[in-house]
Amino acid sequence: MRTAEIGQRFLDFFESKGHAVVPSASLLYNDPTLLFVNAGMVPFKHYLMGVEPPPWKRATSIQKCVRTLDIEEVGKTTRHGTFFQMLGNFSFGDYFKHEAITWAWELVTTPQDRGGFGFDPADIWVTVLGPGFHPDYPEGDIEARRTWLEVGVPADHIQGRSLKDNYWHMGVPGPGGPCSEIYIDRGPEYGVEGGPEADEDRYLEIWNLVFETEDLSAVRAKDDFDIASPLRSLNIDTGAGLERIALLLQGVGNMYETDQVYPVIAKAAEMSGKRYGADHDDDVRMRVVADHVRSSLMLMTDGVTPGNEARGYVLRRLLRRVVRAMRLLGVDRPVLPELLPISRDLMADTYPDVLTQWDRVIGAATAEEETFRRTLTSGTTMLDDAVTRTRAAGSSTLSGQKAFQLHDTYGFPIDLTLEMAAEQGLDVDRAGFDALMAEQKERAKADARAKKGLTTSTEAYTELRAKGETPFLGYTDLSVPTSVTGIIADGRSVTSAPTGSVVEVVLAETPFYAEMGGQDSDTGVIRASGFDLDVLDVQRPVPGLVVHKVRLDGDLAVGDQVQADVDPANRFGACQAHTATHVIHAALRELVGPTATQAGSYNKPGYLRFDFSARQGLSDELRREIEERCNEAIHDDFEVTDTQMPLEQAKAMGAMAMFGEKYPPIVRMVELNGPWSRELCGGTHVPTTGRIGLLNLLGEQSIGSGTRRVEALVSTDAFHQMAAERALVNELTGILKVQPDQLTDRVTKLVADLKEADRRMAAVRSKELLGHVDPLVSSLAPAGPFDLIAGTVAGVSGTDLRKLATEVRARVSERPAVIALIGGETAKPAIIVATTESARAKGARAGALLRAAVAPINGRGGGKDDMAQGAGSDLSGADAALKLVAAELSAQN
């Protein structure tokens with residue numbers, strides 16, 4: 001049974017049980033604690049936690065997931081992978097253990113010709129929470145055990161296990177509860193008898209049924225947590241591993257041999273001329289290729305582009321590990337254009353976006369591979385240099401520090417370092433490298449733990465959100481009489497706050513727009529009895545709850561009646577900028593192409609920036625076209641409308657959606673004219689594009705591989721900028737006495753003249769510099785076993801002094817000579833010490849000589865054995881400094 005069919009059977013089964021089929025959320029789900037969605041329950045987390053009311057009582061989904069903490073282990077075993085798909089069914093206060101267990105058993109054991117998975121009941125084992133591990137379950141999860149017995153699982157196939165195995169939580173405060181896992185016995189060839197307790201290779205877990213019963217206030221470990229209270233509603237959260245079910249139903253040994261993965265291994269084998277299964281190291285590399293190609297495809301489809309930070313960095317590592325693995329398999333040509341289409345075709349049935357986003361995906365991947373191939377070339381040069389230095393130092397081992405620098409700074413893989421060092425007869429301090437890698441991983445884990453800690457601060461918000469959503473009335477009303485329903489001070493919900501406090505205020509309803517979707521928050525005042533509160537910020541800390549940050553100029557209490565007034569001028573400016581963002585997006589897609597999709601934005605009154613996917617920058621001509629097209633749309637005064645409709649209908653109409661954004665079943669589609677632009681958007685807008693007034697495109701730049709950014713001013717800010725530029729042009733034309741259309745030619749000629757003047761001056765300076773060489777060489781005098789050339793050169797400092805010392809040294813290169821020169825101004829003297837090769841052979845060290853000589857000129861400096869440079873603040877000590885150099889050399893007699 002194909003993997004896609006297994007997933008569809010799961011959805012069909014639970015749809016028949018009254019579940020809403022929910023599409024997979026983007027891997028870039030909007031959660032500050034996660035880089036990527038890493039579990040099937042992530043999109044439902046707020047519903048399970050009670051933060052947000054669920055739109056359905058029952059739901060089912062196939063959720064794509066990525067986990068990269070064990071990325072270095074991928075391929076070494078057949079258990080580790082970065083991308084996987086989680087089948088899930090969820091109940092939000094509806095059904096509970098009996099139904100969850102009964103339905104799971106039904107689906108797993110129903111014959112395939114009747115729509116089930118067809119596992120033999122005799123091969124099924126289950127685990128439940130055992131006795132003595134949880135205070136609320138002193139005898140273990142009796143209800144779960146009883147239900148499994150009722151459906152037909154023999155008592156000796158039900159094992160009780162500890163909290164570590166059969167209790168689930170998110171790793172942070174929130175919902176938790178006992179769980180029950182379903183295992184399939186793969187047979188004696190995979191291990192010993194005795195159920196999951198004896199061998200989890202033979203008995204493979206395929207499904208975990210979580211029974212959420214309590215709210216955890218603190219989580220210290222898998223089996224160490226504090227329980228705050230029972231949950232308001234009992235929830236079901238299950239997760240079944242699609243790849244694990246597929247490997248069992250397809251009769252293959254592991255997930256790498258399933259139908260959605262193995263064809264990539266086959267292609268890698270074909271390209272390299274290797275045979276999968278013939279060599280362990282080659283097999284590991286092919287598994288790395290298969291896993292990472294699929295993960296990269298899915299991440300790029302969801303909008304990730306290769307970069308140096310966060311999500312982009314993970315993707316870059318995945319792509320580069322593919323390239324390096326293929327190189328170690330002997331394939332030096334570009335590989336991603338051949339491998340990615342295989343995975344695309346395998347995943348398209350379940351995720352059709354891999355087809356619609358393909359042009360952008362393959363463009364970004366190809367560009368990244370080209371960049372990495374250049375990195376490999378430069379890394380090879382740096383490695384060769386490191387090998388030479390290692391040999392010169394008399395060592396046969398490349399340091400772990402150097403190997404880590406090549407890996408971390410230049411992206412040069414450790415396995416290539418090991419391979420290429422071995423080719424040149426050197427070992428690598430792998431233990432030192434591994435220690436530095438471990439330190440880096442620990443820093444990353446600490447950062448992840450810190451990010452997880454962010455969720456602990458939402459408790460007060462969750463408590464207030466449970467009382468109801470904050471209606472936003474600001475689309476139509478900028479002034480609203482309302483009341484205070486909550487106050488948060490120092491992270492705690494309070495009933496009142498005194499004058500002078502900075503607090504967050506929750507209102508029964510609000511006209512204030514909370515920062516969201518790239519649009520900055522509104523400003524304005526909340527008018528209380530006898531005083532006004534300036535609104536400093538407006539946020540949505542949890543879905544459905546709006547908080548207003550204010551500084552109190554009087555005492556405020558929950559229940560107080562207030563008037564919420566948005567600043568109308570600020571709001572209008574925000575509307576102009578946000579609508580202009582839609583205009584720029586539409587112009588980019590029209591003129592650059594459909595792959596120029598939004599990757600982020602920010603707008604506030606008078607200003608906007610817009611990030612979009614692109615392989616290369618915009619030419620000056622194309623920037624002018626985009627700006628002109630935007631202003632044409634403004635001049636044409638397109639009507640701006642918004643319509644509420646089902647999400648799928650909006651997508652079918654071509655409405656653009658932001659990757660990673662969470663959209664409710666009913667969405668707001670904003671449309672410019674009929675239709676030039678359609679986007680899903682919750683922001684505020686002007687009624688027609690003409691109200692934007694004017695758009696001035698300021699510039700464009702790269703902000704990461706495959707992502708560009710444009711910035712623009714709108715309305716009066718755009719006019720003021722253009723007026724300032726016109727004033728500057730007028731000033732320059734007046735100074736240069738030319739007409740505006742002659743300004744470019746005149747400035748170009750001036751620049752050329754200046755360059756020519758600089759060239760001539762440099763030639764004169766060089767000639768003057770060379771005039772010092774002969775007198776200095778003729779001043780050569782013995783100083784112990786060395787020849788010393790020492791002198792003060794008036795008016796020569798910095799780079800010129802270094803050039804002079806280099807030229808003099810070249811004239812006496814056959815002698816054991818030391819050159820010590822002092823130049824510069826009275827208050828800023830410079831000093832240079834240089835040595836010839838034969839002088840260094842006798843022990844002369846430029847750096848040491850300079851450090852001994854700088855005190856008289858009140859200076860400091862340093863350098864290498866061949867040349868050192870310093871600076872001071874007292875030229876009067878020059879003679880004394882040079883005498884110190886002579887004394888140091890003479891002392892070596």
Side-chain angles (χ1 to χ4, degrees), residues 30-34 42 45-53 169-176 214-221 224-232 446-470 472 482-510 512-516 520-526 528 531 533-560 562 564 662:
N30 187 18
D31 186 324
T33 68
L34 299 173
V42 168
K45 186 166 72 172
H46 282 134
Y47 308 140
L48 296 169
M49 294 174 68
V51 173
E52 189 177 355
H169 53 68
M170 296 187 298
V172 295
E214 48 214 11
D215 187 17
L216 308 186
S217 58
V219 177
R220 293 170 291 276
D224 183 12
F225 47 80
D226 295 334
I227 300 170
S229 63
L231 287 174
R232 283 185 289 272
D447 181 57
R449 287 193 294 269
K451 287 182 176 179
K452 277 190 174 184
L454 291 174
T455 59
T456 62
S457 64
T458 64
E459 186 176 347
Y461 302 124
T462 302
E463 178 185 331
L464 290 172
R465 175 61 181 84
K467 297 177 182 178
E469 186 174 359
T470 310
F472 174 62
T482 183
S483 62
V484 177
T485 59
I487 300 174
I488 297 173
D490 298 324
R492 295 183 300 108
S493 179
V494 297
T495 57
S496 63
T499 300
S501 305
V502 176
V503 299
E504 293 172 309
V505 175
V506 179
L507 302 176
E509 54 270 311
T510 183
F512 284 92
Y513 184 84
E515 182 179 356
M516 186 174 56
D520 209 352
S521 61
D522 279 333
T523 61
V525 296
I526 297 175
F531 59 94
L533 308 174
D534 287 332
V535 176
L536 308 176
D537 191 18
V538 189
Q539 294 291 331
R540 288 178 181 260
V542 296
L545 185 75
V546 177
V547 297
H548 311 74
K549 186 177 181 180
V550 299
R551 184 182 299 279
L552 297 181
D553 293 327
D555 295 344
L556 189 70
V558 172
D560 285 356
V562 295
K662 175 187 174 185

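Once rounded to the nearest 0.5 Å, the distance linking CG of Asp553 with CG of Asp534 reads 7.0 Å. Separating the CD1 atom in Ile487 from the CG atom in Leu552 is a distance of 7.0 Å, to the nearest 0.5 Å. For the atom pair Glu214 CD and His169 NE2, the distance stands at 10.5 Å (nearest 0.5 Å). Once rounded to the nearest 0.5 Å, the distance linking CG of Asp226 with CG of Leu216 reads 8.5 Å. Between atom NZ of residue Lys549 and atom CG of residue Leu536 there is a gap of 6.5 Å, rounded to the nearest 0.5 Å. For the atom pair CZ (Arg540) and OH (Tyr513), the distance works out to 7.5 Å, reported to the nearest 0.5 Å.
Across Gly500 and Arg551, no two heavy atoms sit closer than the pair O-NH1, 3.9 Å. Among all heavy-atom pairs drawn from Ala528 and Leu556, the shortest one is CB-CD1, 4.3 Å. When all heavy atoms are compared, the tightest approach of Arg465 to Pro53 is NH2-CD, 2.8 Å. In terms of heavy-atom proximity, Ala514 sits nearest to Val546 at CB-CG1, 4.3 Å. For Leu507 against Ile526, the heavy-atom pair with the smallest separation is CD1-CD1, 4.2 Å. In this structure, Val547 and Pro541 approach most closely via the heavy-atom pair CG2-CD, 3.7 Å.
With a 6.0 Å radius and a threshold of 12 heavy atoms from other residues, nucleotides or ligands, Arg492 has its CZ atom at or below the threshold. Around CG of Asp490, the count of heavy atoms belonging to other residues, nucleotides or ligands within 6.0 Å does not exceed 12.
A donor-acceptor contact closer than 3.5 angstrom links the side chains of Ser521 and Asp537.
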Does the side chain to side chain contact (heavy atoms under 4.5 Å, CB included) test come out yes or no for Ser496 and Asp555, once each step is laid out?
CA-CA 7 Å; Ser496 63; Asp555 295 344; over 6 Å; no
Apply side chain to side chain contact (heavy atoms under 4.5 Å, CB included) to Leu231 and Asp215, showing your working.
CA-CA 5 Å; Leu231 287 174; Asp215 187 17; 4.0 Å; yes
Where do His548 and Thr510 land on the side chain to side chain contact (heavy atoms under 4.5 Å, CB included) test, with the steps shown first?
CA-CA 9 Å; His548 311 74; Thr510 183; 2.8 Å; yes
Assess the residue pair Thr470 and Val506 against the criterion (side chain to side chain contact (heavy atoms under 4.5 Å, CB included)); give the C-alpha distance rounded to whole Å, side-chain angles, the decisive distance to 0.1 Å, and a yes or no.
CA-CA 8 Å; Thr470 310; Val506 179; 4.1 Å; yes
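Under a 3.5 Å cut-off, the side chain of Thr482 and the backbone N or O of Glu509 do form a donor-acceptor pair.
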